[in-house]
Number of protein chains: 2
Amino acid sequence: MRVAQVRDVAALAGVSPATVSNALNHPAKVSPTTLARIQAAIDELGYIRNDAARQLRAGTNRAIGMVVLDIANPFFTDVARGVEDVLLGERRPLIMGNSAQEPHRETNYLDLFEQQRMDGVLITPVADVLDRLRRLRDRGTSVVLVDRMTRAKEFSSVTIDDTMGGRIATEHLLEIGRRRIAFIGGPVNLSQIKDRLASARAAVEAHGSGELSFLETETMNADAGRAGAEQLLALPTTKRPDAIFAANDLVALGVLQALTLRGVRVPDDVAIVGYDDIDFASSAAIPLSSVRQPARTMGSTAATLLLGVIADPAASEVEHVTLKPELIVRRSTSG
Amino acid sequence: MRVAQVRDVAALAGVSPATVSNALNHPAKVSPTTLARIQAAIDELGYIRNDAARQLRAGTNRAIGMVVLDIANPFFTDVARGVEDVLLGERRPLIMGNSAQEPHRETNYLDLFEQQRMDGVLITPVADVLDRLRRLRDRGTSVVLVDRMTRAKEFSSVTIDDTMGGRIATEHLLEIGRRRIAFIGGPVNLSQIKDRLASARAAVEAHGSGELSFLETETMNADAGRAGAEQLLALPTTKRPDAIFAANDLVALGVLQALTLRGVRVPDDVAIVGYDDIDFASSAAIPLSSVRQPARTMGSTAATLLLGVIADPAASEVEHVTLKPELIVRRSTSG
DNA sequence: CGGCGAGGTTAACACGATTTAACGAAACGG
DNA sequence: CCGTTTCGTTAAATCGTGTTAACCTCGCCG
């Protein structure tokens, strides 16, 4: 069955194709009566415009591409929700791709977005894709970075203040009387980890008493948390930490599980603070204190920033928004 | 800056545009030496083909669209991973949309996929979109249903055997000596829930002794689990269940949390079985027994099925694949 | 030496919607 | 009554690639 086209609609409505196009894209230019006739014809034929043709002629694709770092991590799906919130209002489709932290997947999606001549792209980069992003921009696709910043600062970005996050978590542990704090997470070449760790160290130092140890992991999932906890439990009792600061909630949940299974009381023996405040943090057997990252807000902010750049790529300044995290205290640090 | 086109590449390589097109799409038709010259020109200019033009001319969009029911549910992100696994190998981009169980979002994505003339669509429908799907198919877009089946059976589908899932979970609870089993989940008009509940009832009946109560919830998240558990705890001790079968792991985690906080011992006082075996099930403080759904396999199967239909829409029969779930026993049912 | 076939290349058109410039008709004022 | 403006409509050109049928150039064989 042949699919209805503009000229079919035009024929049925008794006007020319150009008028149909005007009706769809510039309704003000068409008289109300013909507008109604055209709409009726569209409904009758079930006409749906061919977006490829529209795109080719218009030279622009209204869709926004997003490369998510890890779709299995609730933090990033929350970010995506925030982006959707904004784009839906603008009637712009969101094309989401999952790089799963693999550079070749990331490249794949960038290729796709480049071929599609997208209006804009949001990305949390895995590999070094700066040159790719520059090329995208040169071709007319606006780019905003999410949860990452480049040194050169040539692209707008939205990040969350990790220095503050590390500080408030550590200060909280110190305030409830803990002195031997262990930080679990990694790898340390992630700027997020670096910042959280550094500010945790600074907080301990500023406090005067207490000490901070660091247990680096390769990944940040529950397995890493379990392994890290086991390692700490192997220490002689006097050396054992009385508080653990996990680099994210997945790690914290792993830690919590390992401690529980070994009969260590949380928070009495060991307090735990996580990071991200994913849904599961509050659903844990012992609800987890966590540094809440405004993930959804980050998504909506990034989308808004991107729309601004798209609206006027030349004029708009490069802008870096830093959002503030917030400590959510729950049972795991307040026996 | 003007973007390089086929004719620019052709000019630089000293051939005609048609030859460049042949080099890209039918390399066998072009001599190796000119092929090399063209490739060099492409690299030098950084040429990237305009997919809108390709699509318009070819009348087909290689991308596959997927409408995910709830991107915040790890079960569905696992399904998506399975789909990706297959499509990546075929060099077909996956365009993922999240309906978040809202009909208007679902419609939005279907509109998009229809305008884009996608080759294929995978969907876990929320609302009644059968007529939309039929129209898609009539326009040449193949459709495969994921985790759902229509009564009319006009579309291929992949589902998981919920009857079996309900049975094995219940039999397991009976085997470890539990007799008062409560099923928590809903809404009951979901065929999944209906099947799991019915087969749980059947299993209890077949066993001869024991009873099954049903606590319906409106949604299936941790909050619903917490609320349900509170309700059960309010019962007089003799009426309290000694086992809970939760309709999914999110509910089960909520139940586990509520019980733990109230000092109920799991599994000694109450055993818990969940459903889905999401990552967090094994990471819970008390690792959760759960009916594992082969989510990733479901995704890859659906994708494979879809590719088959796309390859030959006329010849291929409508096919329904039912995958078998598997019971994973952990601490929550094996003190 | 002429005809033939194969492989490689080319020119021209097609895809479906949008835009531009031109056009006709109605409305208006002098 | 005629010239001008306004509004709605139209024919034709355009976007960048893929395909088709024709074409050219060799090399080969009779």
Side-chain angles (χ1 to χ4, degrees), chain A residues 1-39 41-42 45-63 111-112 114-119 139-140, chain B residues 1-39 41-42 45-63 111-112 114-119 139-140:
Chain A
M1 185 185 106
R2 216 177 59 78
V3 179
Q5 308 181 358
V6 166
R7 59 166 157 273
D8 302 318
V9 175
L12 183 60
V15 296
S16 80
T19 303
V20 175
S21 171
N22 274 332
L24 290 174
N25 304 303
H26 310 282
K29 291 187 174 180
V30 177
S31 73
T33 72
T34 51
L35 210 55
R37 250 195 359 266
I38 290 172
Q39 187 55 50
I42 288 178
L45 295 176
Y47 166 76
I48 300 235
R49 84 148 146 251
N50 183 326
D51 206 48
R54 204 218 100 250
Q55 250 178 71
L56 175 59
R57 173 65 231 213
T60 161
N61 183 346
R62 285 183 53 78
D111 287 348
L112 176 65
E114 210 163 348
Q115 288 181 15
Q116 304 263 33
R117 309 288 196 265
M118 299 267 187
D119 272 357
R139 286 171 182 284
Chain B
M1 185 186 109
R2 216 177 58 82
V3 179
Q5 308 181 359
V6 167
R7 60 166 158 273
D8 302 317
V9 175
L12 184 59
V15 295
S16 81
T19 303
V20 176
S21 172
N22 274 331
L24 291 174
N25 303 306
H26 310 282
K29 292 188 174 180
V30 177
S31 71
T33 70
T34 51
L35 211 55
R37 250 196 357 266
I38 290 171
Q39 188 54 51
I42 288 178
L45 295 176
Y47 166 76
I48 301 235
R49 85 148 144 249
N50 183 327
D51 207 48
R54 204 217 101 252
Q55 250 178 69
L56 176 59
R57 171 67 229 209
T60 162
N61 183 345
R62 285 184 54 77
D111 287 348
L112 176 65
E114 211 164 346
Q115 289 181 14
Q116 303 263 33
R117 308 289 195 266
M118 299 267 186
D119 272 355
R139 285 170 183 284

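All chains are named by letter (A, B, ...) in the order of the sequence lines, taking the proteins before the strands, and each is independently numbered beginning at 1.
Between A/Ser31 and D/dT9, a side-chain N or O to OP1/OP2 separation shorter than 4.0 Å is present. Listed pair A/Thr19 / D/dT10 meets the phosphate criterion, a side-chain N or O lying under 4.0 Å from OP1 or OP2.
Rounding to the nearest 0.5 Å gives a distance of 11.0 Å between CG of A/Asp51 and CG of B/Leu56. To the nearest 0.5 Å, the span separating CZ on A/Arg117 from CD1 on B/Ile48 amounts to 7.0 Å. Put simply, CG on B/Leu112 and CZ on A/Arg62 are 11.5 Å apart, with the number rounded to the nearest 0.5 Å. Note that the CD atom of B/Gln5 and the CG atom of B/Asp8 stand 5.5 Å from one another [nearest 0.5 Å].
Not one N or O on the side chain of A/Arg37 forms a donor-acceptor pair closer than 3.5 Å with the backbone of A/Leu12. Looking at B/Arg54, its side chain does come within 3.5 Å of a backbone N or O of B/Thr60 through a donor-acceptor pair. With B/Asn22 contributing its side chain and B/Lys29 its backbone, the two residues share no donor-acceptor pair below 3.5 Å.
Listed here is the closest heavy atom pair of A/Val30 and A/Ala23: CG2-N, 3.7 Å. Closest heavy-atom contact between B/Ala41 and B/Ala13: CB-CB, 4.1 Å. Contact record, A/Ala63 with A/Met118: O-SD, 3.5 Å, taken as the closest heavy-atom pair. The heavy-atom pair separating A/Val20 from A/Ile38 by the smallest distance is CA-CD1, 4.1 Å.
Nearer the 5' end of DNA chain C, as judged by each residue's closest nucleotide, is the contact made by B/Val30, out of B/Val30 and A/Arg7.
Between A/Gln5 atom CD and C/dC15 atom P the separation is 8 Å, expressed in whole Å. The interatomic distance linking A/Leu35 (CG) with D/dC7 (C1') rounds to 15 Å, in whole Å. Summarising the geometry, the separation between CG on A/Leu56 and C1' on D/dT17 is reported as 8 Å, rounded to the nearest angstrom. Between the P atom of D/dT17 and the CD atom of A/Gln115 lies a distance of 11 Å, rounded to the nearest Å. Between the CG atom of A/Leu24 and the P atom of C/dG16 there is a distance of 16 Å, rounded to whole Å.
Residue contacts for A/Val15: at a heavy-atom cut-off of 4.0 Å it reaches the sugar-phosphate backbone alone, with no base atom in range.
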Can you pull every protein N or O that's under 3.5 Å from an N or O on nucleotides 19-25 of chain D?
residue: D/dT19; atom: OP2; partner: B/His26; partner atom: NE2; Å: 3.3

I'd like a table of atom pairs between the protein and nucleotides 21-26 of chain C - only N or O on both sides, under 3.5 Å - with the distance next to each one.
none

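For DNA chain C, the neighbouring residues in residues 45-55 of chain A, judged by any heavy atom under 4.0 Å, are A/Tyr47, A/Arg49, A/Asn50, A/Ala53, A/Arg54.
In this structure, of C/dT10, C/dG16, D/dT9, it is C/dT10 that holds the atom nearest to the side chain of B/Ser16.
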